[in-house]
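Keep in mind that this is a model prediction, so the values were computed, not measured. Labels below follow one simple rule: chain letters A, B, ... track the order of the sequence lines, proteins then strands, and each chain is numbered from 1. What you see below is based on every heavy atom in this structure, not just the backbone, and it leaves out hydrogens, waters and symmetry mates.
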Protein chains: 2
Amino acid sequence: MLKKTNRVSLVDQVVSQIEHLIESEKWPIGEKLPPEMELMEEFGVSRNTLREAIHALVHAGLLETKQGSGTIVRSSSALEAAFNRHIEKSNLIDTLEVRLALEREAAEMAAKHRTEEALAEIEVCMAQCQAAAKKDDIEEFVIADITFHKAIVKASNNQLLQDLYEYMTDPLYSSIHDIMIMDIPFDYDKEIHHELVRAIREQDVEGARKYVNEYIHAFKERL
Amino acid sequence: MLKKTNRVSLVDQVVSQIEHLIESEKWPIGEKLPPEMELMEEFGVSRNTLREAIHALVHAGLLETKQGSGTIVRSSSALEAAFNRHIEKSNLIDTLEVRLALEREAAEMAAKHRTEEALAEIEVCMAQCQAAAKKDDIEEFVIADITFHKAIVKASNNQLLQDLYEYMTDPLYSSIHDIMIMDIPFDYDKEIHHELVRAIREQDVEGARKYVNEYIHAFKERL
DNA sequence: AATATCCCAATCATCCTACAAATTTGGAGT
DNA sequence: ACTCCAAATTTGTAGGATGATTGGGATATT
């Protein structure tokens with residue numbers, strides 16, 4: 001007969017409760033937490049226990065404390081924070097390559113599993129890309145282009161893929177921006193997006209793969 | 001004039017020092033840490049401060065404490081621990097799909113960037129797969145097969161890709177095992193590996209892509 | 001002598017109080 | 001209305017006390 005060793009420390013219980021409050025957005029990002037005294041009463045633990053829990057989450061990247069001011073919610077995902085730290089120490093080229101690998105997989109899966117709602121969202125993003133290109137607004141185009149690709153990843157209907165893609169994209173924004181404005185072939189890119197959207201709309205997996213491979217090839221050329 | 005806000009809390013300083021000791025393997029995995037009293041003196045901080053630091057690392061997955069026994073080093077990578085927790089909450093199919101995406105990218109990159117050393121390692125792993133297949137030892141074959149794929153990822157020469165692949169493979173071991181033994185077509189798989197190794201040896205990117213796509217297709221069929 | 005049981009020391013878990021340092025807030029004085 | 005300073009608020013650090021758990025050594029039993 002096994003003992004279940006169900007013993008869970010108070011600190012871990014408090015950590016779990018706070019994590020849950022953050023994930024469920026009862027404490028949204030940017031929100032200031034109640035002071036330690038109130039939290040002690042709310043969770044029914046001592047100051048030490050509470051502080052150990054809060055510090056665990058600070059180190060995980062979910063919270064941020066400032067002496068004299070308070071504690072605020074910084075991120076809702078521990079993985080995101082750990083990812084950011086790891087990426088900082090990684091080679092930029094390596095990171096971009098992995099991101100493109102995710103993008104390639106996402107395009108195929110989007111073509112396979114897309115819903116009407118996801119397709120509509122992709123088409124909206126494509127229109128915004130074209131509008132920005134027409135205005136020759138480079139900054140806006142870069143943002144719209146990134147949003148477009150995120151929409152495709154979302155259409156893959158794979159939550160983990162979507163999470164990883166966003167965690168890898170956001171900290172790379174400035175790098176992606178720099179690479180994209182090296183030479184933006186506006187008309188060309190617009191066509192690529194159009195063909196890709198067509199392939200996803202018609203659930204043409206082969207076509208999606210083909211055009212994403214072209215896009216990735218062009219992107220890698222600039223590295 | 002900016003204040004540099006150089007203020008770093010004692011807890012964070014202790015956390016950094018311990019992290020460094022673990023990463024540099026001065027405290028290898030499995031090692032038992034000195035008791036809290038000694039660490040207090042060594043780092044020159046109070047009990048509270050030290051405990052908050054240790055708990056931050058416990059929550060990050062680097063350490064593990066057992067009341068009455070002591071504290072041991074559990075892992076050397078915070079990302080790995082965060083990944084494990086995230087994967088536990090993710091859909092199994094989603095996770096396997098992302099893993100296959102990484103595998104696909106790795107095969108192409110291995111064909112492109114392989115070194116002689118990496119190729120030699122891959123060939124050793126392939127031989128072990130074949131030996132296990134010849135002995136009809138299923139368990140050994142699964143392990144050898146996973147090692148083989150890890151060797152290919154390593155040959156991609158992309159450290160981030162390698163890290164992510166291992167973080168996603170290890171916690172999935174039992175699932176991968178179950179899927180693989182559903183129907184192991186020993187001879188068929190052996191040939192696939194042979195062709196893939198040939199493509200990598202001859203730096204035939206197209207060939208590598210083709211055979212990995214076949215392998216992935218077969219794998220996904222079984223899901 | 002071998003084995004099982006019990007007890008104790010070591011260690012972590014939790015709680016408490018006190019004070020220090022940083023920030024915010026509000027009021028006194030101009 | 002503005003400036004400056006003091007008090008209140010809030011987190012940071014320290015040290016002590018007690019409870020809970022583990023592991024091993026001492027003791028007792030066969």
Side-chain angles (χ1 to χ4, degrees), chain A residues 1-19 21-22 27 29-75 81, chain B residues 1-19 21-22 27 29-75 81:
Chain A
M1 177 163 73
L2 322 178
K3 277 199 295 183
K4 293 223 271 178
T5 64
N6 252 350
R7 175 84 177 148
V8 179
S9 75
L10 276 183
V11 173
D12 287 339
Q13 291 179 43
V14 174
V15 165
S16 297
Q17 288 185 65
I18 296 179
E19 269 180 333
L21 284 168
I22 294 174
W27 288 352
I29 291 179
E31 179 96 347
K32 192 161 148 187
L33 270 61
E36 291 177 346
M37 292 297 291
E38 284 182 34
L39 292 177
M40 284 167 58
E41 289 180 12
E42 185 166 339
F43 291 122
V45 298
S46 76
R47 182 145 180 249
N48 259 345
T49 304
L50 177 75
R51 283 178 57 77
E52 284 180 23
I54 286 182
H55 257 92
L57 292 170
V58 168
H59 184 256
L62 271 70
L63 297 178
E64 184 174 354
T65 58
K66 262 200 304 188
Q67 187 177 169
S69 174
T71 304
I72 63 171
V73 179
R74 189 181 181 181
S75 166
Chain B
M1 177 164 73
L2 321 178
K3 278 198 294 183
K4 292 219 275 178
T5 65
N6 252 349
R7 177 83 177 146
V8 179
S9 75
L10 276 183
V11 173
D12 287 338
Q13 291 179 43
V14 174
V15 165
S16 297
Q17 288 185 65
I18 296 179
E19 268 180 332
L21 284 168
I22 294 174
W27 288 351
I29 292 180
E31 179 95 346
K32 191 162 149 187
L33 270 62
E36 289 178 348
M37 292 298 290
E38 285 182 33
L39 292 176
M40 284 168 57
E41 290 180 13
E42 185 166 340
F43 291 121
V45 297
S46 77
R47 179 113 192 280
N48 267 341
T49 304
L50 179 76
R51 282 179 57 77
E52 285 179 20
I54 287 185
H55 254 92
L57 292 170
V58 167
H59 185 255
L62 294 181
L63 297 179
E64 183 174 356
T65 58
K66 261 201 305 188
Q67 189 175 169
S69 173
T71 305
I72 63 170
V73 179
R74 188 182 181 181
S75 166

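- DNA chain C is contacted by both A:Val11 and A:Ser69; A:Val11 maps to the nucleotide lying nearer its 5′ end (nearest heavy atom per residue).
- For B:Gln13, the side chain to side chain contact (heavy atoms under 4.5 Å, CB included) partners are B:Val8, B:Leu10, not counting sequence neighbours.
- Taking the side chain to side chain contact (heavy atoms under 4.5 Å, CB included) definition, one finds that B:Ala81 meets it with nothing, sequence neighbours left out.
- Among pairs with a residue in residues 61-70 of chain B, those fulfilling salt bridge (Lys or Arg N to Asp or Glu O under 4.0 Å) read B:Glu64-B:Arg74, at least two apart in sequence or across chains.
- A search for side chain to side chain contact (heavy atoms under 4.5 Å, CB included) contacts involving A:Pro34 returns A:Trp27, A:Glu38, A:Leu39, not counting sequence neighbours.
- In this structure B:Val58 satisfies the side chain to side chain contact (heavy atoms under 4.5 Å, CB included) test together with B:Ile54, B:Leu63, B:Thr65, sequence neighbours excluded.
- Rounded to an integer number of Å, the gap from A:Gln67 CD to C:dA22 C1' is 5 Å.
- For A:Lys66 and D:dT10, the NZ to C1' distance is 12 Å, given to the nearest whole Å.
- For the contact set between residues 32-40 of chain B and DNA chain C, defined by any heavy atom under 4.0 Å, the members are B:Pro35, B:Glu36.
- Phosphate proximity of D:dT11 to A:Thr71: present, with a side-chain N or O under 4.0 Å from OP1 or OP2.
- OP1 or OP2 of C:dC12 has not a single side-chain nitrogen or oxygen of A:Ser9 nearer than 4.0 Å.
- Within the structure, the salt bridge (Lys or Arg N to Asp or Glu O under 4.0 Å) test picks out the following pairs touching residues 48-59 of chain A (sequence neighbours left out): A:Glu36-A:Arg51, A:Arg51-B:Glu52, A:Glu52-B:Arg51.
- B:Glu19 has its side chain within reach of A:His59: a pair of non-hydrogen atoms, C-beta onward, lies under 4.5 Å apart.
- Distance CD (B:Gln13) to C1' (D:dG12): 12 Å, rounded to an integer number of Å.
- Against DNA chain C, the stretch residues 45-59 of chain A makes heavy-atom approaches under 4.0 Å through A:Val45, A:Ser46, A:Arg47, A:Asn48, A:Thr49.
- Considering only residues two or more places apart in sequence or on other chains, A:Thr49 meets the side-chain hydrogen bond (donor to acceptor under 3.5 Å, both in side chains) condition with A:Ser46.
- The separation between B:Leu63 atom CG and C:dT11 atom P is 17 Å, rounded to whole Å.
- Protein atom CD of B:Glu41 is 17 Å distant from nucleotide atom C1' of D:dT13, rounded to whole Å.
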Report task. Before giving the answer on side chain to side chain contact (heavy atoms under 4.5 Å, CB included), spell out for A:Val73 and A:Leu62 the whole-Å C-alpha distance, their side-chain angles and the decisive distance to 0.1 Å. Result -> CA-CA 6 Å; A:Val73 179; A:Leu62 271 70; over 6 Å; no

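- Between B:Leu10 atom CG and D:dT11 atom P there is a gap of 18 Å when expressed in whole angstrom units.
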